[in-house]
Undergrad: 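Okay, handing you the structure first.
Quick caveat, the model's predicted, so the values are computed rather than measured. What you see below is based on every heavy atom in this structure, not just the backbone, and it leaves out hydrogens, waters and symmetry mates. Whatever order the structure lists them in is the order used to number ligands and atoms, beginning at 1.
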Amino acid sequence: MRIRWRRISAGTAVLAAAGLFVAWAGIIDIRASTGHWRITDWFLHWVMRSSVRTAALGGHAPRFTAAMLPLAAGHYETGCAGCHGSPAMPRPAAVENMLPPPPNLQHVNATWNDAELFEVVKHGVRYTGMPAWPSMERDDEVWAMVAFLREYPSLDQAAYQRLAGFSATGSRDFDAIVKSCEGCHSPAGPDETSLIPRLTDQSETYLRDSLEAYATGKRPSGVMKVALSQTSSEDRKKLASYFASQSVVTETGGPSGMISRGKVLAERGDRTRGVAACAACHDAAGVNEAYPRLAGQPVPYIENQLGLFRRGNRGGGAYADVMTRAAAGLSDEDIQALAAYYEALPQD
Ligand code: HEC
Ligand code: HEC
Ligand code: HEC
């Protein structure tokens with residue numbers, strides 16, 4: 001028995017040494033230019049598909065809504081199209097020579113189910129260049145991208161550009177940066193079915209704090225991190241001041257029962273359940289400039305932010321903890337009522 005173990009370990013050592021020798025000799029081909037043998041290509045994709053399938057087991061997609069599409073489409077254009085191409089931007093030539101080349105996603109999405117797409121988009125694919133989502137804390141953003149990828153094959157160029165709110169990033173010119181922001185944060189005011197907030201009428205302090213929080217990861221969002229990747233902290237200060245000086249008043253409304261329920265909760269809170277009065281901090285005269293205004297923000301955006309605070313992963317500026325406590329006791333119904341109330345609240 002002892003002899004056999006000795007042989008096995010000697011054999012293993014010889015194999016390891018031979019492996020190292022082969023690697024050292026430089027005869028393993030790592031050139032992307034020559035491509036893979038067909039069998040290697042098949043094998044690698046088989047490994048990838050099996051790995052994704054297993055990792056995605058038990059994953060449950062949330063209900064997909066139209067609110068998810070604009071932010072995902074806008075992010076797709078800046079964060080994905082540079083490799084995968086889009087109806088507005090053909091795949092750059094340099095990328096076609098990657099090994100493996102990033103596929104045209106209008107053709108391949110159907111071969112994956114929702115949970116598998118989620119897995120690929122959230123974690124990326126090792127050894128291929130397919131990057132992970134920029135923020136591991138924001139599964140809701142990744143699901144929004146999956147919702148978009150499901151719609152993507154049926155979008156023509158016009159429909160795609162409309163969703164992505166067309167813009168150009170990558171330029172250091174301030175006007176071009178502002179345009180890129182406005183591609184998502186429409187200067188005409190918020191779309192009330194959107195997860196994207198309105199920036200106008202917010203204080204400069206709050207905008208500046210938020211932009212720094214996104215840039216440093218203290219407020220996790222893959223979408224905003226990529227949107228800010230071309231900006232310096234000087235640019236971000238200028239952006240905060242620019243957007244704080246813009247103002248758009250929007251017409252809003254919603255089911256009135258919900259609104260009055262939200263109003264009571266917002267103005268008085270609910271002592272019995274430990275819910276603080278929101279109005280003590282939001283949309284009131286003389287409150288701390290770092291507290292954001294909520295009036296006129298779209299319902300889906302407010303609901304999503306309250307959900308993030310309640311789960312404890314919204315992050316933000318120096319006072320964000322205060323808000324995490326304020327949201328801890330809210331029920332789903334409270335959140336719906338509060339969102340309806342604040343969307344309908346007139347901006348002054
Ligand atoms: C740096 C280039 C690059 C970027 C940026 C990129 N990808 Fe990829 N992507 C790849 C490569 C390479 C693959 C692997 C293709 C393969 O295995 O054949 C891939 C694979 C995928 C796949 C699986 C498709 C398949 O069937 O192989 C999906 C889905 C996908 N990417 C979505 C996205 C999304 C959504 C984004 C933006 C958030 C994105 N990718 C950003 C390079 C990129
Ligand atoms: C791809 C779409 C997209 C682009 C481009 C974009 N944003 Fe955003 N922005 C979002 C989304 C979605 C959110 C909400 C993120 C979250 O859940 O925290 C957001 C949130 C914000 C917030 C926080 C607002 C609040 O009420 O808390 C600020 C400030 C902001 N963006 C500024 C900018 C600026 C400045 C730019 C341009 C450099 C920009 N955004 C570009 C989609 C975008
Ligand atoms: C003690 C003060 C305080 C109270 C009470 C409070 N909030 Fe907040 N809230 C804040 C602060 C501070 C932030 C900004 C966090 C950050 O991003 O730095 C915030 C952020 C928010 C946001 C995100 C806004 C955006 O543009 O992203 C929403 C939505 C919100 N609060 C809703 C509510 C509601 C609804 C209530 C009542 C249940 C409430 N808040 C009670 C201080 C408070």
Undergrad: May I ask you to list the atoms of ligand 3 that are less than 4.0 angstrom from any heavy atom of R219?
TA: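 Heavy-atom distances to R219 below 4.0 Å select 27 (O).
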Undergrad: If only atom types and distance count, is the side chain of E151 paired as donor or acceptor with the main-chain N or O of F148 below 3.5 Å?
TA: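 Judged by distance alone, no pair lies under 3.5 Å.
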Undergrad: Just list the N/O pairs, ligand 1 to protein, that are under 3.5 Å apart, with the distance for each.
TA:
| residue | atom | partner | partner atom | Å |
| --- | --- | --- | --- | --- |
| ligand 1 | 7 (N) | H84 | NE2 | 2.8 |
| ligand 1 | 9 (N) | H84 | NE2 | 2.8 |
| ligand 1 | 17 (O) | H45 | NE2 | 3.1 |
| ligand 1 | 18 (O) | H45 | NE2 | 2.6 |
| ligand 1 | 26 (O) | W112 | NE1 | 2.9 |
| ligand 1 | 31 (N) | H84 | NE2 | 2.9 |
| ligand 1 | 40 (N) | H84 | NE2 | 2.7 |

Undergrad: Given atoms NE2 of H185 and SD of M224, what angle do they subtend at atom 8 (Fe) of ligand 2, to the nearest 10 degrees?
TA: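 It is 180°, given to the nearest 10°.
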Undergrad: Picking from E137, E141, R314, K225, what satisfies side-chain contact (heavy atoms from CB on, under 4.5 Å) with P220?
TA: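 The single option meeting the side-chain contact (heavy atoms from CB on, under 4.5 Å) with P220 is E137.
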Undergrad: Counting from 1, what ligand 2 atoms have a heavy atom of L228 closer than 4.0 Å?
TA: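 So the atoms of ligand 2 that pass are 38 (C).
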Undergrad: With the side chain counted from C-beta on, respond yes when Q297 and E343 share a heavy-atom pair under 4.5 Å apart, and no when they do not.
TA: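 A side-chain contact is absent here, since even the closest heavy-atom pair is not under 4.5 Å.
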Undergrad: So, regarding R293 and ligand 3 (criterion: nitrogen or oxygen to nitrogen or oxygen, under 3.5 Å), is there a contact or not?
TA: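 It does not: no N or O of R293 is found under 3.5 Å from an N or O of ligand 3.
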Undergrad: What distance separates H282 NE2 from L345 CG, expressed to the nearest 0.5 Å?
TA: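 Rounded to the nearest 0.5 Å, the NE2-CG separation comes to 12.0 Å.
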Undergrad: Under a 3.5 Å distance rule, please check whether T40 uses its side chain to pair with a backbone N or O of H36 as donor and acceptor.
TA: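 No: the side chain of T40 does not pair with the backbone of H36.
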Undergrad: Within this structure, what is the CD-OG distance for the pair E77 and S180, rounded to the nearest 0.5 Å?
TA: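 Reported value, rounded in 0.5 Å steps: 12.0 Å.
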Undergrad: So, applying side-chain contact (heavy atoms from CB on, under 4.5 Å) with F243, which one of D201, L207, L211 is it?
TA: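 Answer to the side-chain contact (heavy atoms from CB on, under 4.5 Å) test with F243 among D201, L207, L211: L207.
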Undergrad: Aromatic rings W42 and W46: how do their planes relate, parallel, tilted or perpendicular, breaks at 30° and 60°?
TA: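 Parallel.
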Undergrad: Thinking salt bridges, do D209 and R219 make one under a 4.0 Å N-O criterion?
TA: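 Judged by the 4.0 Å cut-off on N to carboxylate O distance, D209 and R219 do not form a salt bridge.
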Undergrad: By number and element, which atoms of ligand 2 are closer than 4.0 Å to a non-hydrogen atom of L207?
TA: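 The atoms of ligand 2 under 4.0 Å from a heavy atom of L207 are 29 (C).
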Undergrad: Verify, without hydrogens or angle tests, whether H45 (side chain) and D41 (backbone) share a donor-acceptor contact under 3.5 angstrom.
TA: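 Pair found, side chain donor or acceptor close to backbone of D41.
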Undergrad: Could you tell me whether L57 atom CG has more than 12 heavy atoms of other residues or ligands within 6.0 Å of it?
TA: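 Counting other residues, nucleotides and ligands, CG of L57 exceeds 12 neighbours.
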Undergrad: Is the closest side-chain donor-acceptor distance between D29 and T34 under 3.5 Å?
TA: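 Yes, side-chain donor-acceptor contact under 3.5 Å.
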Undergrad: Would you say R236 contacts ligand 2, with heavy atoms under 4.0 Å as the rule?
TA: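 The answer is no, since R236 has no heavy atom less than 4.0 Å from ligand 2.
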Undergrad: Hey, is ligand 2 close enough to R198 that some N/O pair sits below 3.5 Å?
TA: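 For ligand 2, there is no N or O atom that lies under 3.5 Å from one belonging to R198.
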Undergrad: Would you say the side-chain atoms of S233 and E212 include a donor-acceptor pair closer than 3.5 Å?
TA: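 Note: S233 and E212 side chains miss the donor-acceptor criterion.
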Undergrad: Which class fits the ring pair Y242 and F174: parallel under 30°, tilted 30 to 60°, perpendicular over 60°?
TA: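 Ring orientation, 0 to 90° scale: perpendicular.
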Undergrad: Start with the C-alpha gap between S232 and D235, add the side-chain angles, then the distance that decides, and say whether side-chain hydrogen bond (donor to acceptor under 3.5 Å, both in side chains) holds.
TA: CA-CA 5 Å; S232 63; D235 291 335; 3.2 Å; yes
Undergrad: Run the numbers for me: atoms of ligand 3, each under 4.0 Å from some heavy atom of I302, listed by number.
TA: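 With I302 as reference, the close atoms of ligand 3 come out as 29 (C).
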Undergrad: Pull up every protein N/O/S atom sitting under 2.8 Å from atom 8 (Fe) of ligand 3, skipping waters.
TA: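 Listed by chain and number: H282 NE2, M323 SD.
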Undergrad: Counting distance only, does the side-chain N/O of D283 pair as donor-acceptor with the main-chain N or O of L294 below 3.5 Å?
TA: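 Confirmed, D283 side chain pairs with L294 backbone.
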Undergrad: Quick check on contacts: which atoms of ligand 3 are under 4.0 angstrom from a heavy atom of A277?
TA: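 Contacts of ligand 3 toward A277, numbered from 1: 5 (C).
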Undergrad: Going by the atom numbers of ligand 2, which of them fall below 4.0 Å from some non-hydrogen atom of Q297?
TA: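 Those of ligand 2 that fall under 4.0 Å from Q297 are 26 (O).
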Undergrad: At a non-hydrogen distance cut-off of under 4.0 Å, which region of V178 contacts ligand 2 (side chain, backbone, both, or neither)?
TA: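 Neither; nothing of V178 gets under 4.0 Å from ligand 2.
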Undergrad: Give the atom numbers and elements of ligand 2 that come within less than 4.0 Å of a heavy atom of R138.
TA: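 Close to R138: 16 (C), 17 (O), 18 (O).
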Undergrad: Which of the atoms of ligand 2 are close to L71, meaning less than 4.0 Å from one of its heavy atoms?
TA: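 Going through ligand 2 atom by atom, the ones under 4.0 Å from L71 are 1 (C), 12 (C).
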Undergrad: Is R138 positioned over the aromatic face of W143, cation under 6.0 angstrom from the ring centre and no more than 45 degrees off axis?
TA: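 That pair does not qualify as a cation-pi contact.
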Undergrad: Under 4.0 angstrom from ligand 2, any heavy atom of Q305?
TA: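 Right, Q305 reaches ligand 2.
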Undergrad: Using a plain distance cutoff, I'd like to know if Y319 has any nitrogen or oxygen under 3.5 Å from a nitrogen or oxygen of ligand 3.
TA: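 Between Y319 and ligand 3, no N or O pair is found under 3.5 Å apart.
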Undergrad: Is it true that atom CZ of R268 has more than 12 heavy atoms of other residues, nucleotides or ligands lying nearer than 6.0 Å?
TA: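 Not buried by this count: 12 neighbours or fewer within 6.0 Å.
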Undergrad: Quick one: look at D334 and ligand 3, take heavy-atom pairs under 4.0 Å, and tell me if it's side chain, backbone, both or neither.
TA: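 The answer is neither; D334 stays 4.0 Å or more away.
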Undergrad: Is the shortest N/O to N/O distance between S180 and ligand 2 below 3.5 Å?
TA: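 No, no N or O pair falls under 3.5 Å.
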Undergrad: Would you find a donor on one side and an acceptor on the other, under 3.5 Å apart, between the side chain of T324 and the backbone of A320?
TA: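 Answer holds: yes.
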Undergrad: Do any N/O atoms on N304 end up under 3.5 angstrom from N/O atoms on ligand 2?
TA: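 Between N304 and ligand 2 (N or O atoms, distance only) the closest approach is not under 3.5 Å.
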Undergrad: Would you say R236's side chain and T231's backbone share a donor-acceptor pair under 3.5 angstrom?
TA: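 Side chain of R236 to backbone of T231: a pair is present.
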Undergrad: Would D209 count as a contact of ligand 3 if the rule is a heavy atom under 4.0 Å away?
TA: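 Heavy atoms of D209 never come under 4.0 Å of ligand 3.
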Undergrad: At under 4.0 Å between heavy atoms, which part of A266 makes contact with ligand 3: side chain, backbone, both or neither?
TA: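 Within the 4.0 Å criterion, A266 makes no contact with ligand 3.
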Undergrad: Just which atoms of ligand 2 are under 4.0 Å from any heavy atom in A227?
TA: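 Checking each atom against A227, I get 4 (C), 5 (C), 6 (C), 38 (C), 41 (C).
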Undergrad: When you compare the side chains of R208 and S241, does any donor N or O come within less than 3.5 Å of an acceptor on the partner?
TA: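 Judged by distance alone, the side chains do not pair up.
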Undergrad: Give the numbers and elements of all ligand 3 atoms closer than 4.0 Å to a heavy atom of Y301.
TA: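 So the atoms of ligand 3 that pass are 25 (C), 26 (O), 27 (O).
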Undergrad: Heavy atom under 4.0 Å from ligand 2: found in C181's side chain, backbone, both, or neither?
TA: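 It is both backbone and side chain that touch ligand 2.
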